[in-house]
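Structure, as structure tokens:
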Number of protein chains: 2
Amino acid sequence: MHRLEDLSNNKRSYPSGGYLYRTGDRFKSLHAIRSGSFKTRVLHEDGREQVTGFLMAGEIIGLDAISTDLHTCEAVAMEESEVCELPFNKLEELSRDIPSLQRHLHKIMSREIVRDQGIMLLLGSMRAEERLAAFLLNLSSRNAAHGMSATQFKLRMSRLEIGSYLGLKLETVSRTFSHFQEEGLIQVKARAVELLDLQRLRTLVGKS
Amino acid sequence: MHRLEDLSNNKRSYPSGGYLYRTGDRFKSLHAIRSGSFKTRVLHEDGREQVTGFLMAGEIIGLDAISTDLHTCEAVAMEESEVCELPFNKLEELSRDIPSLQRHLHKIMSREIVRDQGIMLLLGSMRAEERLAAFLLNLSSRNAAHGMSATQFKLRMSRLEIGSYLGLKLETVSRTFSHFQEEGLIQVKARAVELLDLQRLRTLVGKS
DNA sequence: TAGATGACTTGATATATGTCAAAATAGACA
DNA sequence: TGTCTATTTTGACATATATCAAGTCATCTA
């Protein structure tokens, strides 16, 4: 067993804005993203909402949706997004027989929790510049992990969505981008970003 | 199978500040809290840290510790804290035979993720008053869930710890407490708190 | 290509929260 | 009980980010 998505025989496509699942849906599957990208959101009764994550090709969606009805996941990329469905009951059955799968699921689950804790640290104790630098570096290393450029990429999400994720207003996100550019840390034009000085971006994140 | 802790034959005690697990420990057990309370923290390489949760008697600790080495859990109460250990491999074995346990574990896991998402919403989009009101209401309902008063209780944690959890400085926490008292929402003296107007506290959280 | 629509940038100003400092209070211990 | 220390409160001031408001720039459609 090398890749979870080998288990799937059900592939589906979603247009931008298409819902993979939405508030109230019963959780029943994991999804491996083959192309495009997705965002997850939590909703509050009073209408307040927040983006809680962005997911890209090569990553697994779904565990953070377990049993919550205040949570949605939808495609954000400009191109079509494709996923493989991994039905949960099938995974459960298999995981009884295949110990390595059990561990694999654990690892995925853990990763989500660790990721959430990182975001909590970010939201709770970083300033705007640190948050955005951390965000860019995170995208960078995930790009690299999937065989894409670590320094040049196109953002899949709007300033508003980035702001929601980082706990900032879109104007602050935009200003901080501009500021980074003035400092020679990045080159940014609309959604096209190039990281010019990874080292200085890293030191930016690691200070209080 | 009604309560997870019936599985345990291993009970342990911790003094205030005692570590249940600490950075780098290998995750191997869940723990059911019998008395006292605990806090979990994430640590950052640069020394920055944040309280990510408070856990009280009757609750289960441990899942958010899976495979992360930047995470600690320690006792915070004044009195001794006692836990039942639930070894993970034992749980895994049992969960193969007992489907209801599998579901039970799922539910616990989900709850942690949902909780984290709630905190992300709080940290990302609420102001100081809303955060503290949400915090107090959360303590209140958890107290009630364990058969204690929903309106009168003693805080187990310092202003500094509350601030770390809510992404605020301790002075802001203190000022907000005082402000709530002036408004007649609560009665507070050091760590003794009485919620005087639950309804208004709730409306405070649900606006912006 | 022109016009329309939504996304992004930039500026001026307001405001919430942080920072620094001191005093008051509570809890621990001899 | 009194002393010591840590916690909490309160004040004055600084600052980061939000808010409000234009204006520019992209992208899409006709």
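Letters A, B, ... are given to chains in the order of the sequence lines, protein chains preceding strands, and every chain is numbered from 1.
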Quickly work out the A:Glu182 CD to C:dT9 C1' distance and round it to whole Å.
-> 11 Å
Quickly work out the A:Leu166 CG to D:dA18 C1' distance and round it to whole Å.
-> 15 Å
B:Leu170 side-chain proximity, nearest of C:dT19, D:dT8, D:dT17 = D:dT8
Looking across every strand, which nucleic acid part, if any, lies under 4.0 Å from B:Gly167 by heavy atom: base, sugar-phosphate, or nothing?
-> sugar-phosphate
Candidates C:dG18, C:dA21, C:dG27 - which lies nearest the side chain of B:Thr172 = C:dG18
Taking the side chain as every heavy atom from C-beta outward, state whether B:Gln181 and B:Gln187 have any pair of such atoms under 4.5 Å apart.
-> yes
Short side-chain N/O contact from B:Lys189 to OP1 or OP2 of C:dA26, under 4.0 Å = yes
Can you tell me how far C1' of C:dA7 sits from NZ of A:Lys169, to the nearest Å?
-> 17 Å
Earlier contact from the 5' end, DNA chain D, for B:Met157 and A:Ala128 = B:Met157
A:Ser174 side-chain N/O to A:Leu170 backbone N/O, donor-acceptor pair under 3.5 Å | no
Distance check: side-chain N/O of A:Arg175 vs OP1/OP2 of C:dT9, anything under 4.0 Å?
-> no
Could you state the atom-to-atom distance from CD of A:Glu129 to P of D:dT15 in whole Å?
-> 15 Å
Can you find a donor-acceptor N/O pair under 3.5 angstrom joining the side chain of B:Arg191 to the base of C:dG27?
-> no
Ignoring backbone atoms, establish whether A:Ser158 has a side-chain N or O less than 4.0 Å from OP1 or OP2 of C:dG6.
-> no
B:Ile162 CD1 to D:dT7 P, straight-line distance once rounded to whole Å = 13 Å
Between A:Arg115 and A:Glu59, is there a salt bridge with N-O shorter than 4.0 Å?
-> no
To the nearest angstrom, the CZ-P distance between A:Arg156 and C:dA7 comes to 17 Å
Can a side chain N or O of A:Ser174 be found less than 4.0 Å away from OP1 or OP2 on C:dC8?
-> no
Rounding to a whole Å, what distance do you find between B:Glu171:CD and C:dC20:C1'?
-> 9 Å
Is there side-chain contact between A:Ser158 and A:Glu161, with at least one heavy-atom pair below 4.5 Å?
-> yes
How is A:Ser178 classified with respect to the nucleic acid when contacts are heavy atoms under 4.0 Å: base, sugar-phosphate, or nothing?
-> sugar-phosphate
From the options C:dT9, D:dT19, C:dG18, select the nucleotide whose nearest atom is closest to the side chain of A:Arg159.
-> C:dT9
Please check if the side chain of A:Thr52 supplies one atom and the backbone of A:Thr40 the other of a donor-acceptor pair under 3.5 Å.
-> yes
